[in-house]
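As the structure is a prediction and not an experimental result, all values here were calculated from the model. Here is the naming used below: chain letters follow the sequence lines, and residue numbers restart at 1 for every chain.
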Amino acid sequence: MIALVDCNNFFASCERVFRPNLISKPVVVLSNNDGCVIARSNEAKSLGVKMGAPAFKSERFFARNGVHVFSSNFALYGDMSKRVMDTIRPEVDEMEVYSIDEAFLVFEGPAAEERARALREKVERWTGIPVSIGLAQTKTLAKVATRIAKKMPEMNGVFTLSSSCDLERALHRCKIEDVWGIGNRSSSKLKSYGITTALKLTLADPAWVRRNLSITGTRLQKELQSTICSPVNDASPRKQSIRTARSFGSEVQSLHALNESVGTFAANCASKLRKEGSCCISITTFVMTNPFKPQAPQYNASRTIKFEVPTNDTLEIVASAIQALKFIYRDGFSYKKAGVLVSAITPSSEVQLGLFDVVDRSKRTSLMTSIDTINTKLGHDKVRLAVQGFDRKWRLRQERLSPCYTTRFTDFLTVKV
Amino acid sequence: MNRKIKLKWCPASAVAFDAVPFFDEGVQAGFPSPAEDHLDLDLDLNSYLVQHPSATFCCRVEGDSMVGAGIQTGDVIMIDRSLTPHKGSIVLAVLDGEFTVKRVDIQDDTLLLIPENPKLKPIEVGEESNFQVWGVVTFVIHKV
């Protein structure tokens, strides 16, 4: 059996582990920069707080309804995620960590559901994080099963989708847009052909699916028909692209301030590439104004630059990001967000050298290794390019950040007993 | 609760000690030590203090209700959530939404939280109170 384990309201649950006074109270976690709601406890869901609700519009509602609001604390969530995954690993035959709060598992042999129930209890006891587990023949079906495990309290967090009548009923109830891997575009296309549920997709003509949804659609249809197309894979796949983007705490107008932030994002991307042993071929810089202020002049733009030789060199990547920014920067706008995306990622070991390459690659590599070593020892961005600056006017707004209880020695929470 | 204990959280991973070399001969100086070949593995205090890394948390203690058990203000306690509490275990518990550290005991079917301080009285955990053991305290790290 393939299982999907999914942490319930993960970020909100992490906050609650260290704040037991918030158990059974409405809790929400805001996105980077306190922008919008990205996690809700069940109590917050029942109050009608919507995913993605802009925080500034909901302030009054939160205060009136006693909703506890947190800035996102990714150091804490990352550590708790690692604890959850480490707790699961020895109990299963195979495991693929799919996201910060989800993992696909394989239970071989009989009694899969009993093992899943025992696992669910273990994770909650060891880490304090409640999880739901869905079991089925394929990943896509396991995803459907997990939704049912979450929605039906009488299942106690574990649901197996095995008998054919269960399967048919579940797929009939599963809306097409809720099927794992169906994007917005595919779902509206499918709906226009009357395929509104997962069940209808399983019954569609395979040739038609192939023609209209390409190979991805075919694989999805097969997975819904209980044929494995996407096995549980231990090795995490190399990322296709790395993106660093932030909304600014306060809007910025000057090219100088944008240079600082874009330079920092690009440097982050470069160090992430090196950590993975990867290089990128292209880099995109984008900027945007605040869409929540429609009366202010609006401007969004992006520019992509390609490298002659795939690279993970901070100097090259930052220089190109800033060059791209110069192309797109326009005076007279208040920018709310900027970001950098590096893509077409290849392993460093497979990089083709350029015939007319003018960069001394081996020298640069040892420079980058030194920078990484120093920054690992002394702290993030201790050695940085001058363009990254020290002002950080654009830096995150995190007004309700909880302490990094599990990763920072100095981050103490004082609990009144 | 008549005496307050204040707890401060700190990370298990931050309590990573530099490896302490362990000599099983006495320390010698002056000439090359015949014991050099016997320099044993580096002692890893984490492996001594942390049995289940993903279930172990640390926090800092403020208060004197547990001095009898050697838990004093400023100490770091290690908490293992994977362990089952028994009669006599010292636990980090949540009583009506608040953290506390006490020894658990059961007398005449009543759950008691026993402070380790003669000035303080045991706390009876009634049926109506909201009680949960957060984890079992396994070690106290006390700076002398």
Side-chain angles (χ1 to χ4, degrees), chain A residues 7 14-25 27 66 68 73 75-91 95 97 103 118-119 121-131 376-377 379 401-417, chain B residues 1-18 50-66 73-74 76-85 92-102 113 115 120 123 130-136 141:
Chain A
C7 301
C14 288
E15 298 290 350
R16 269 181 176 171
V17 170
F18 304 93
R19 293 284 303 275
N21 57 323
L22 298 185
I23 284 166
S24 69
K25 302 254 165 67
V27 172
H68 295 261
N73 181 346
L76 175 67
Y77 310 151
D79 180 71
M80 292 305 284
S81 169
K82 184 175 179 300
R83 287 168 181 269
V84 169
M85 301 306 170
D86 288 350
T87 303
I88 295 171
R89 200 164 283 112
E91 306 295 333
M95 177 171 181
V97 176
L119 179 65
E121 266 167 41
K122 181 188 174 191
V123 172
E124 180 151 11
R125 189 155 45 87
W126 282 42
T127 66
I129 302 292
V131 300
T376 312
K377 269 199 183 145
L401 189 63
S402 55
C404 296
Y405 305 104
T406 61
T407 53
R408 213 172 286 168
F409 202 62
T410 47
D411 260 22
F412 300 140
L413 169 71
T414 309
V415 186
K416 286 172 197 143
V417 182
Chain B
M1 239 163 294
N2 33 10
R3 196 65 65 104
K4 290 191 169 184
I5 281 198
K6 272 185 178 176
L7 299 170
K8 285 175 165 186
W9 290 98
C10 61
S13 51
V15 195
F17 303 89
D18 280 339
V50 182
Q51 206 186 342
H52 306 104
S54 53
T56 301
F57 297 81
C58 304
C59 71
R60 205 176 281 276
V61 179
E62 261 181 57
D64 62 358
S65 75
M66 292 300 285
T73 292
V76 171
I77 55 174
M78 315 285 292
I79 297 131
D80 190 336
R81 290 184 56 106
S82 73
L83 303 176
T84 311
L92 174 64
V94 180
L95 184 59
D96 297 324
E98 306 286 336
F99 279 119
T100 184
V101 176
K102 294 286 179 289
L113 295 178
L120 303 174
I123 301 154
N130 195 342
F131 175 79
Q132 198 191 1
V133 171
W134 197 92
V136 175
I141 303 169

- d(B:Gln132 CD, A:Ile23 CD1) to nearest 0.5 Å is 6.0 Å

- If you round to the nearest 0.5 Å, how far is NE2 of A:His68 from CD of A:Glu15? 12.0 Å

- B:Asn130 backbone acceptor or donor facing B:Asp96 side chain under 3.5 Å: yes

- Side chain from CB out, backbone as N, CA, C, O: work out which of these in A:Met85 comes under 4.5 Å of a heavy atom of chain B, or both, or neither. neither

- Note: vs chain A, highest number of non-hydrogen pairs under 4.5 angstrom among B:Val94, B:Asp80, B:Leu83 is B:Val94

- Query: Would you call A:Asp86-A:Arg83 a salt bridge at under 4.0 Å N-O?
  - Reply: no

- Please state whether the side chain, the backbone, both or neither of A:Glu124 comes within less than 4.5 Å of a heavy atom of chain B. backbone

